[in-house]
Visitor: 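Before we start, here is the structure in question, set down as structure tokens.
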Amino acid sequence: MKSWPTPFVPAVPGHGDPLRLHDTRRDAVVPVDAGEVARLYVCGITPYDATHLGHAATYVTFDLVVRALRDAGHRVEYVQNVTDVDDPLLERAERDGRDWRELATSEIDLFREDMTALAVVPPDALVGVVESMPEIIREVRTLLGSGRAYRLPLPDGEGDGYDVYLDLGQAPTFGEVSGWTREQMSAVFADRGGDPDRAGKRDPFDPLLWRGARAGEPCWDDDELGAGRPGWHIECTAISREHLGHPFDLQGGGTDLVFPHHEMSAVQSAALTGDDTFARVYVHQAMVAFDGEKMSKSKGNLVLVSRLRADGVDPMAIRLVLLAQHYRTEWEYTDSLLVQAQSRLARWREALSTNGGVDATDTVAAVRAAVADDLSTLRALEAVDAWCERTLAGEGEDPGAPGLLARTLDAVLGIRL
Ligand code: 5CA
Ligand code: ZN
């Protein structure tokens, strides 16, 4: 499907430092050892409600990753999916008496507008599940054909077809992405779309690959699988394999995807390819909260990017709210964070519109080094604050400095003043 417009990213002299990020699998900050081309897959939205600040935090984090990789000299191939058919979308459409396709289309449009306003560099391919049905079906058929997956007849009264599950008993790497114990997995599996109590499963955690058709649900026909629709995790295995190939350099998303989603995407890939490596590095954005709880569409405690924009908030101030938090630290949105970001933005605008300022070479290097060091955005913002204070105090008369720093903020942090 169509992505969104690419923001202009100005050139900055020199190169950024090699990027280091926290890898969930190794639980360590590691170099992103990409070659000339860095290949990224970031889990995209399920489009049943508008973009909230939690989503925005996730996509701005991976936008910083894309910008840092480019600044360090890589070409980036970036793929993001859209879960445009899945239970939560169908349930919301049913609740609101809307057609699920129409709901998805309108929320994807709003997401594109929000991402554009936040100056997020778009993926090279934004790929929906519905448009990927042939690739997804091919993967499920392969898994079934190789005996790595099995069929279960639908429960009584639900239809005549079959559900298809992956057999985790044949997946020795299961658990390696999250590093979780089975107890930890049990605590969240059902809440995160799993069906541990489905009778007949070989292992309660076996992930659903294909859901046989139920009355009133959308379905796709296949000679071998029977009518049905994909389970959640197989979409990201299939779309990443089709558009990037396995293994690739980095898979990203929020920490709520560590288990089961990224764990399952990886074991499904291993079962398909025989190669245990799916993504070389797994990077996760901490959850953003509001009113004391994780901001989530299902709970409804949302601060929407589109609402803030409609209230006249400068999208660059929203972006600065996000950059003022480290991506691995959970935080809670409050209006005072927005007020602080607005005053910081005003201060930066004032300092960067002067005719001359303190030589910006060290500040540019400090911003680049901070971002390359596991996206240490707070340190980057402090370096800019310091330059602004000194420049506004009248130190330095370098006429090129404000322009150089402004281009750096635009290119590396995505802050356009
Ligand atoms: N479509 C799936 C991924 S394949 C999905 O999780 N969709 S989503 O709409 O629920 O979330 C989109 C992205 O935002 C995911 O990467 C998710 O981890 C992240 N996310 C959701 N809620 C929050 C939150 N409160 N804070 C930070 N990130 C969040
Ligand atoms: Zn995903």
Side-chain angles (χ1 to χ4, degrees), residues 1 43-50 81-109 111 126-144 149-167 189-202 204-239 242 256-257 260-261 264-265 268 296-300:
M1 61 177 65
C43 283
I45 55 163
T46 306
Y48 69 91
D49 209 333
N81 68 306
V82 176
T83 307
D84 57 359
V85 56
D86 198 12
D87 298 349
L89 170 68
L90 300 174
E91 284 159 15
R92 178 63 63 89
E94 172 84 23
R95 188 198 82 179
D96 295 352
R98 293 174 75 176
D99 178 75
W100 62 275
R101 281 158 295 218
E102 181 269 321
L103 173 61
T105 304
S106 66
E107 295 302 349
I108 297 164
D109 282 342
F111 175 68
L126 183 69
V127 188
V129 172
V130 172
E131 65 185 342
S132 304
M133 219 42 87
E135 292 86 283
I136 296 172
I137 287 174
R138 189 180 62 217
E139 306 293 45
V140 180
R141 285 171 74 146
T142 304
L143 289 167
L144 209 47
Y150 60 96
R151 289 190 173 93
L152 274 189
L154 298 195
D156 282 348
E158 291 192 26
D160 305 328
Y162 296 90
D163 292 330
V164 179
Y165 287 89
L166 186 79
D167 181 7
F189 188 61
D191 276 350
R192 296 184 181 175
D195 56 354
D197 300 326
R198 168 78 155 91
K201 280 174 74 172
R202 294 178 186 170
F205 296 134
D206 285 347
L208 178 67
L209 297 171
W210 188 252
R211 177 177 161 87
R214 267 70 167 181
E217 291 186 10
C219 62
W220 285 261
D221 276 326
D222 182 71
D223 292 348
E224 209 170 303
L225 304 179
R229 62 182 166 92
W232 172 25
H233 318 300
I234 193 67
E235 75 189 59
C236 288
T237 309
I239 293 172
E242 176 71 16
D256 57 341
L257 300 186
H261 186 55
M264 300 305 185
S265 313
Q268 290 165 174
S296 88
K297 291 179 281 205
S298 53
K299 295 201 190 88

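Just so it is clear, the model here is predicted, and its values are computed rather than measured.
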Visitor: Taking the side chain as every heavy atom from C-beta outward, state whether Ser298 and Tyr48 have any atom pair closer than 4.5 Å.
Guide: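 Yes. Closest side-chain heavy atoms under 4.5 Å.
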Visitor: For residues Met1 and Asp84, determine if any side-chain heavy atom of one lies less than 4.5 Å from a side-chain heavy atom of the other.
Guide: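 In short, these two side chains touch, coming nearer than 4.5 Å.
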Visitor: Give, for atom CD1 of Ile108 and atom CD1 of Ile45, the distance between the pair rounded to the nearest 0.5 Å.
Guide: 6.0 Å
Visitor: Measure across Val85 and Pro218 and return the closest heavy-atom pair with its distance rounded to 0.1 Å.
Guide: CG2-CG, 4.1 Å
Visitor: Any sub-3.5 Å donor-acceptor pair from Asn81's side-chain atoms to Gly44's backbone N or O?
Guide: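 Yes.
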Visitor: Could you tell me which residues satisfy salt bridge (Lys or Arg N to Asp or Glu O under 4.0 Å) with Asp221, sequence neighbours excluded, listed by chain and number?
Guide: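 Applying salt bridge (Lys or Arg N to Asp or Glu O under 4.0 Å) to Asp221 gives none.
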Visitor: Given side-chain contact (heavy atoms from CB on, under 4.5 Å), test Cys236 with His261 step by step and report yes or no.
Guide: CA-CA 9 Å; Cys236 288; His261 186 55; 3.4 Å; yes
Visitor: Applying the side-chain contact (heavy atoms from CB on, under 4.5 Å) criterion to Ile137, which one of Asp223, Thr142, Leu225 satisfies it?
Guide: Leu225
Visitor: Heavy atoms only: give me the nearest Ile234-Gly231 pair and the separation to one decimal.
Guide: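 In terms of heavy atoms, the two residues are closest at CG2-O, 3.5 Å.
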Visitor: So does Lys297 pair up with Glu107, basic N to acidic O under 4.0 Å?
Guide: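 Salt bridge absent between Lys297 and Glu107.
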Visitor: Take Tyr150 and Lys201 through the side-chain contact (heavy atoms from CB on, under 4.5 Å) test and state the conclusion after the steps.
Guide: CA-CA 9 Å; Tyr150 60 96; Lys201 280 174 74 172; 3.8 Å; yes
Visitor: Tell me the closest heavy-atom pair linking Glu131 and Leu126, and the distance in Å.
Guide: OE2-O, 3.7 Å
Visitor: Could you grab the distance from atom CE of Met264 to atom CG of Asp206, nearest 0.5 Å is fine?
Guide: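 Reported to 0.5 Å precision, the distance equals 7.5 Å.
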Visitor: Please tell me if the side chains of Val82 and Pro47 come closer than 4.5 Å, counting only heavy atoms from C-beta onward.
Guide: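 The answer is yes, as the side chains (C-beta and beyond) meet within the 4.5 Å cut-off.
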Visitor: Establish, from distance only, whether the side-chain atoms of Asp195 and Tyr165 form a donor-acceptor pair under 3.5 Å.
Guide: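 Judged by distance alone, the side chains do pair up.
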Visitor: How about Glu235 and Ile136: do any of their side-chain heavy atoms sit closer than 4.5 Å?
Guide: yes
Visitor: Please indicate whether Asp99 has more than 12 foreign heavy atoms, meaning atoms of other residues, nucleotides or ligands, lying under 6.0 Å from its CG.
Guide: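 For Asp99, atom CG is crowded (more than 12 foreign heavy atoms under 6.0 Å).
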Visitor: For Pro207 and His233, work out which heavy atoms get closest and say how close.
Guide: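 For Pro207 and His233, the tightest heavy-atom pair comes out as CB-CD2, 3.9 Å.
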Visitor: Does the structure place the NZ or CZ of Arg151 under 6.0 Å from the centre of the six-membered ring of Tyr162, at an angle of no more than 45° from the ring's axis?
Guide: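 Verdict for Tyr162: a cation-pi partner in Arg151.
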Visitor: Do Ser296 side-chain atoms and Lys299 backbone N/O form a donor-acceptor pair below 3.5 Å?
Guide: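 Checking the backbone N and O of Lys299 against the side chain of Ser296, a donor-acceptor pair under 3.5 Å is found.
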Visitor: Take Arg141 and Asp222, measure what side-chain contact (heavy atoms from CB on, under 4.5 Å) needs, and give me the verdict at the end.
Guide: CA-CA 10 Å; Arg141 285 171 74 146; Asp222 182 71; 2.8 Å; yes
Visitor: What closest approach, in Å, do Val164 and Ala149 show between heavy atoms, and which atom pair accounts for it?
Guide: CG1-CB, 4.0 Å
Visitor: Quick one: side-chain contact (heavy atoms from CB on, under 4.5 Å) partners of Asp86, sequence neighbours excluded?
Guide: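 Here the qualifying residues are Thr83, Pro88, Arg229, Trp232.
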Visitor: Ignoring hydrogens, what is the shortest heavy-atom contact between Gln268 and Leu166? Give both atom names and the distance.
Guide: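 Distance-wise, the nearest heavy atoms are CG-CD2, 4.0 Å.
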Visitor: Step through the shown structure and confirm whether more than 12 heavy atoms of other residues, nucleotides or ligands are within 6.0 Å of CD on Glu158.
Guide: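 Atom CD in Glu158 is crowded, with more than 12 foreign heavy atoms closer than 6.0 Å.
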Visitor: Quick one: CG on Leu257 to SG on Cys43, what's the gap to the nearest 0.5 Å?
Guide: 5.5 Å
Visitor: Using only atom types and a distance under 3.5 Å, with no angle test, would you say the side chain of Thr237 pairs donor to acceptor with the backbone of Ser265?
Guide: yes
Visitor: What verdict does the side-chain contact (heavy atoms from CB on, under 4.5 Å) test give for Arg198 and Leu208, after you've listed the backbone C-alpha separation in whole Å, the side-chain angles of each residue and the deciding distance to 0.1 Å?
Guide: CA-CA 10 Å; Arg198 168 78 155 91; Leu208 178 67; over 6 Å; no
Visitor: In chain order, what residues pass the ring-ring contact (aromatic ring centres under 6.0 Å, His included) check against Phe189, with sequence neighbours excluded?
Guide: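 Result, ring-ring contact (aromatic ring centres under 6.0 Å, His included) vs Phe189: Phe205.
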Visitor: In plain terms, say whether Asp163 and Arg214 are close enough for a salt bridge, that is, a side-chain N and a carboxylate O under 4.0 Å apart.
Guide: yes
